[in-house]
Amino acid sequence: MKARIVYASMTGNDEDMADILEEDLQDYGFDVETSDVGFTDASDYLESDLCIFITYTYGEGAMTDEIADFYEELKALDLSGKYFAVMGSGDKTYGEHFCENVFDYEKAFKECCATEITKPVTIENAPDDEAIDLIDQAAKEMADKLHD
């Protein structure tokens, strides 16, 4: 089973999330490829069974250029038969905008006809022990559903 993790990281928090998830999925037997959004085409998801996007939400939810460009590329794809998961970090001081871009991407994957495999994982700032547990649980859920 091939998984593609694409991440956008301004402070390193989301890259850390991607590294944790990559290791988890490899432990479950997935062939995982991980890349930075700035060096990835959304069409790379077409080569994978499991498509994962990890992003930050900056301020009041406006997407930075690199995230917005990838978002537009993604929305043009047909990901029928693919599974997806989204994760990301944010700052709760922004209230209703906390992790808004994670949920924007969740909607985009659904519009591309991909099937959501686990609920979004959202964390505040850097991954602490609790956040790592959430990532680990999501990876286990992905493995359980795809290895049946």
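The residues of the chain are indexed from 1 along the displayed sequence.
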Task: Check: Glu73 side chain, Ala42 main-chain N or O, donor-acceptor pair, under 3.5 Å - done: yes

TODO: Would you name the heavy atoms of Pro127 and Asp16 that are closest together and state the gap between them?
DONE: CG-CB, 3.9 Å

Open item on the list: One thing to verify: whether Glu141 and Lys145 come together as a salt bridge, which I'm taking to mean a side-chain N less than 4.0 angstrom from a carboxylate O.
Closed with: yes

Open item on the list: Would you say that more than 12 heavy atoms from the other residues, nucleotides or ligands in this model lie under 6.0 Å from the OH of Tyr83, or not?
Closed with: no

Open item on the list: Check for me, please, whether Val37 and Met63 land in the same ILVMFWY cluster - side-chain distances under 4.5 Å, paths through other members count.
Closed with: yes

Open item on the list: Test your reading of the model: is there a side-chain donor-acceptor pair from Thr57 to the backbone of Asn101, 3.5 Å cut-off?
Closed with: yes

Open item on the list: Please check this pair: side chain of His147 against backbone of Tyr28, looking for a donor-acceptor N/O pair closer than 3.5 Å.
Closed with: yes

Task: Common cluster, Ile132/Leu25, ILVMFWY with side-chain heavy-atom separation under 4.5 Å - done: yes

Task: Verify same cluster id: Tyr105, Leu134 (apolar side-chain graph, 4.5 Å) - done: no

TODO: Answer yes or no: is there a donor N or O on one side and an acceptor on the other, between the side chain of Lys82 and the main chain of Leu46, under 3.5 Å?
DONE: yes

TODO: Measure the spacing between CZ of Arg4 and CG of Asp44 and express it to the nearest 0.5 Å.
DONE: 4.5 Å

Open item on the list: To check you understand the geometry: which heavy-atom pair defines the closest contact between Ala8 and Tyr56, and what is its length?
Closed with: O-CD2, 3.3 Å

TODO: Would you mind reporting whether Leu146 and Ile117 have side-chain heavy atoms less than 4.5 Å apart?
DONE: yes

Task: Test item: Asp41 side-chain N/O and Ser43 main-chain N/O as donor-acceptor pair under 3.5 Å - done: no

Task: side chain to side chain contact (heavy atoms under 4.5 Å, CB included) partner of Ile5, the single match among Asp19, Thr40, Leu50, Leu21 - done: Leu21

- [ ] Find the distance between OG1 (Thr64) and CD (Glu66) and round it off to the nearest 0.5 Å.
- [x] 4.5 Å

Task: ILVMFWY cluster, Ile54 and Ile67 together (side-chain gap under 4.5 Å) - done: no

Open item on the list: For Gly90 versus Cys99, what's the shortest heavy-atom pair and its separation?
Closed with: N-SG, 3.5 Å

Task: Matching residue for Phe53 among Phe70, Tyr45, Phe109 - test: ring-ring contact (aromatic ring centres under 6.0 Å, His included) - done: Phe70

Open item on the list: Rounded to the nearest 0.5 Å, what separates atom CG in Asp24 from atom CE in Met142?
Closed with: 9.0 Å

Open item on the list: Measuring from atom CE of Met17 to atom CD of Glu22, what distance do you get when rounded to the nearest 0.5 angstrom?
Closed with: 14.0 Å

TODO: Would you indicate whether the side-chain heavy atoms of Asp78 and Cys113 approach each other to under 4.5 Å?
DONE: yes

Task: Check: Glu124 and Asp91 side chains under 4.5 Å, non-hydrogen atoms - done: yes

Open item on the list: In the structure I gave you, are the side-chain heavy atoms of Leu79 and Leu74 within less than 4.5 Å of one another anywhere?
Closed with: yes

TODO: Apply side chain to side chain contact (heavy atoms under 4.5 Å, CB included) to the pair Asn125 and Asn13, showing each step before the final yes or no.
DONE: CA-CA 7 Å; Asn125 302 317; Asn13 296 340; 4.2 Å; yes

Open item on the list: Check this for me: does any side-chain nitrogen of one of Lys140 and Asp136 sit under 4.0 Å from a carboxylate oxygen of the other?
Closed with: no

- [ ] Answer yes if Leu77 and Val86 sit in the same cluster of Ile, Leu, Val, Met, Phe, Trp and Tyr residues linked by side chain heavy atoms under 4.5 Å apart, and no otherwise.
- [x] yes

- [ ] Mark yes when over 12 heavy atoms from residues, nucleotides or ligands other than Phe103 sit less than 6.0 Å from its CZ; otherwise mark no.
- [x] yes

- [ ] Answer yes or no: are there more than 12 heavy-atom neighbours, outside Lys2 itself, under 6.0 Å from its atom NZ?
- [x] yes

- [ ] Output the distance between atom NZ (Lys75) and atom CG (Asp104), rounded to the nearest 0.5 Å.
- [x] 9.0 Å

Task: Tyr7 side-chain N/O to Ile52 backbone N/O, donor-acceptor pair under 3.5 Å - done: no

Task: Interatomic spacing from OG1 in Thr118 to CD1 in Ile135 - rounded to 0.5 Å - done: 11.5 Å

Task: Other residues, nucleotides, ligands: >12 heavy atoms within 6.0 Å of Glu116 CD - done: yes

